[in-house]
Amino acid sequence: MAFVANARMYGVNPQARGAWSELFAWLARASGVDLSVIEHAYPAPLSALRVRPDLACAYMCGFPFVQAPNRPVPVAAPIPSAGPVRGR
């Protein structure tokens, strides 16, 4: 099965989109997963991207994560080194 990847919210300019594409290409090679970067630019709704059954990799913030009917499985999450969460 082929899967898709997208980092729409964080592809703020051509250089950032290119860096995300490189990261996703590396991930596909390293994992052996058939992964294609797709465009999902505004005005296409983010909600349509998040519910795709073939979405394998996306960079999303916490709000869509907690709102998802079928919650994605996070593989990485930033942890602030300081602040109110004290490393949690």
Side-chain angles (χ1 to χ4, degrees):
M1 177 176 184
F3 293 97
V4 298
N6 181 275
R8 168 181 156 172
M9 291 179 64
Y10 301 93
V12 296
N13 59 34
Q15 294 83 5
R17 285 188 296 279
W20 280 109
S21 291
E22 287 179 29
L23 176 66
F24 291 143
W26 170 84
L27 181 62
R29 287 189 308 274
S31 66
V33 172
D34 185 6
L35 185 64
S36 299
V37 177
I38 61 164
E39 293 296 320
H40 193 85
Y42 179 84
L46 278 171
S47 57
L49 176 65
R50 295 189 300 256
V51 299
R52 286 183 63 133
D54 60 347
L55 182 62
C57 192
Y59 194 100
M60 68 175 64
C61 64
F63 183 72
F65 175 79
V66 298
Q67 296 293 314
N70 296 316
R71 193 164 289 173
V73 176
V75 294
I79 299 174
S81 62
V85 297
R86 298 180 192 241
R88 292 181 282 153

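- The minimum heavy-atom distance linking Cys57 with Leu27 is given by the pair SG-CD2, 3.6 Å.
- Of the possible polar contacts, none joining the Arg52 side chain to the Val4 backbone as a donor-acceptor pair under 3.5 Å is found.
- Of the possible donor and acceptor atoms, one in the side chain of Asn6 sits under 3.5 Å from a partner among the backbone N and O of Ile38.
- When the side chains of ILVMFWY residues are joined at heavy-atom separations under 4.5 Å, either directly or via intervening members, Phe3 and Trp26 end up in a single hydrophobic cluster.
- Under the 4.5 Å side-chain heavy-atom criterion for grouping Ile, Leu, Val, Met, Phe, Trp and Tyr, Met9 is connected to Trp20 within one hydrophobic cluster.
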Let's go through Leu55 and Leu49 carefully: what are the C-alpha distance in whole Å and the side-chain angles of both, what is the deciding distance for side chain to side chain contact (heavy atoms under 4.5 Å, CB included) to 0.1 Å, and is it a yes or a no? CA-CA 8 Å; Leu55 182 62; Leu49 176 65; 4.2 Å; yes
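- Judged as a side-chain contact (heavy atoms from CB on, under 4.5 Å), and not counting sequence neighbours, the contacts of Ala48 are His40, Pro45.
- Of the inter-residue distances, the one linking Leu46 atom CG with Arg8 atom CZ reads 4.0 Å to the nearest 0.5 angstrom.
- When all heavy atoms of Leu35 and Ala56 are compared, the pair lying nearest together is CD1-CB, 3.9 Å.
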